[in-house]
Number of protein chains: 2
Amino acid sequence: MVPGMGHCDIHATLERAGLSKTSQRVAVLTALVHAETPLSARDILERVSGEGRINRVTVYRILASFKAGGIIRELATDHGENFFEMACRHNPAHPHFYCRSCRSLACLPSAGNQERWIREYREADEAIETVAIHFTGLCRRCRSENAGHPVRRLRGPRGDRRVSP
Amino acid sequence: MVPGMGHCDIHATLERAGLSKTSQRVAVLTALVHAETPLSARDILERVSGEGRINRVTVYRILASFKAGGIIRELATDHGENFFEMACRHNPAHPHFYCRSCRSLACLPSAGNQERWIREYREADEAIETVAIHFTGLCRRCRSENAGHPVRRLRGPRGDRRVSP
DNA sequence: AAACTCTTTGCAAATGAGTTGCATTTATTG
DNA sequence: CAATAAATGCAACTCATTTGCAAAGAGTTT
Ligand SMILES: [Mn+2]
Ligand SMILES: [Mn+2]
Ligand SMILES: [Zn+2]
Ligand SMILES: [Zn+2]
């Protein structure tokens, strides 16, 4: 990932993409530019809810427009929660690691040959638009913590959470 | 992908995994073994609903146990609908192509160096358990069909579908 | 074969990410 | 500053997937 955020200027980016500079768009973009790791829509909503009002739906719509404008990249995960990262930083394209326990997403270093390898596939079928390389497992933190450490629960009925079988 | 289904014997597979041979498990496994492409939980439910009764939830639970037993592999997509494929066929691990329009998933040929490449990453971080390579775009059929061809809609409010803006 | 015990189902209800229509508020322009 | 197209808030909705619990089954033991 690119260390500084040099050419990732908020206002310039919005202008270049032909998007009006609303407070919400600036807030979302700022959160993404300062993020250490890719963020989920929920992450963004949390980080932005502090300053000014913003609706959940608006976040999704803004993310859609950023993606359409090539400003950000969307990263899918199992479990249906997707993440987003600035395209200007996070270059070149690289694999990501998803922790199946805490459901966090981290960037991995780009393999040297990955670019070429991806290009070969692209040539084989012109229809290819995006490529994603996704590793899954347990992150360091989840590995070191107590083995029986409960997995974050996203779906299911309300009611008392099961504590131990 | 392995052409025949040779060693993918239904009963032997269940036995090897220590799973009792219920009619539902046999049905789901049969659907997966005969599938030409990876199947979603919904696909499986449809193909199995004909013979005998089976519940949607049961399909999910069976798929979870098959996955835990290493019998099948789960393939995530954007849009939250996941697919499943037999691990015995579909070897070695290979990339998949997901059509963002009709939301179908297809297997791609395994790149020669992919295996080695994956191994390198695995060595870099022991926590890695699975690797997925995911291409997105428009499949041949969706490309040839009328450009304005409507995208399959999964979420959203009830009511008249928008016909044209 | 009947009784018993451990699994697996079916059903109903829920969850949560992401969508959409529509009324209201803004950003931008003249 | 008024006019207008675009962006946002809100409420309602979809849908893949998950969970608790009670009923049905499978494999085993009398
Ligand atoms: Mn990244
Ligand atoms: Mn495959
Ligand atoms: Zn973790
Ligand atoms: Zn298609």
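In the text below, chain A, chain B and the rest are named by the order of the sequence lines, each starting its count at 1. Note that the structure is a prediction, hence the values are computed from the model and not measured.
- DNA chain D is contacted by both A:Gly18 and B:Ser23; A:Gly18 maps to the nucleotide lying nearer its 5′ end (nearest heavy atom per residue).
- Note on B:Arg103 versus B:Glu81: no salt bridge recorded, every NZ/NE/NH1/NH2 to OD/OE distance being 4.0 Å or above.
- Between B:Asn82 and D:dA16 there is no side-chain polar atom (N or O) within less than 4.0 angstrom of OP1 or OP2.
- A close approach under 4.0 Å does occur between a side-chain nitrogen or oxygen of A:Gln24 and OP1 or OP2 of D:dG9.
- Across all strands shown, B:Arg56 has heavy atoms under 4.0 Å from base atoms, whether or not it also approaches the sugar-phosphate.
- Between A:His96 and A:Phe83, the distance from one ring center to the other does not fall under 6.0 angstrom.
- The interatomic distance linking A:Leu45 (CG) with C:dT19 (P) rounds to 15 Å, in whole Å.
- Whole-Å rounding puts the B:His79 NE2 to D:dT14 P distance at 18 Å.
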Quick one: do B:Leu39 and B:Arg47 satisfy side chain to side chain contact (heavy atoms under 4.5 Å, CB included)? Show the steps, please. CA-CA 10 Å; B:Leu39 301 179; B:Arg47 300 188 184 205; 3.5 Å; yes
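- As rounded to whole Å, 16 Å separates atom C1' of C:dA17 from atom CG of A:Leu105.
- Looking at heavy atoms from C-beta onward, A:Arg16 lies in side-chain contact with A:Thr13 at the 4.5 angstrom threshold.
- Between the CZ atom of B:Arg42 and the P atom of D:dT17 there is a distance of 10 Å, rounded to whole Å.
- One interatomic measurement links the two molecules: CD of A:Glu81 to P of D:dT18, which rounds to 14 Å at whole-angstrom precision.
- Per the geometry, CD1 belonging to A:Ile54 stands 18 Å off P belonging to C:dT25, to the nearest Å.
- For the pair A:His11 (side chain) and A:Asp9 (backbone), a donor-acceptor distance under 3.5 Å is absent.
- A:Cys99 does not pair with A:Cys142 as a disulfide, the SG atoms being 2.5 Å or more apart.
- We find that CD of A:Glu74 is positioned 10 Å from C1' of C:dG18, with the value rounded to whole Å.
- Against DNA chain D, the stretch residues 58-72 of chain B makes heavy-atom approaches under 4.0 Å through B:Tyr60, B:Arg61.
- Between D:dA16, C:dA27, D:dC10, one nucleotide has an atom nearer to the side chain of A:Asn55 than all others, and that is D:dC10.
- Closest-nucleotide positions on DNA chain C for B:Thr22 and A:Ser20 were compared, and the one nearer the 5' end corresponds to B:Thr22.
- For A:Phe97, the ring-ring contact (aromatic ring centres under 6.0 Å, His included) criterion is met by no residue, not counting sequence neighbours.
- Which of D:dT8, C:dT19, C:dA27 sits closest to the side chain of A:Arg25 comes down to D:dT8.
- Atoms CG (B:Asp78) and P (D:dA16) sit 15 Å apart, rounded to a whole Å.
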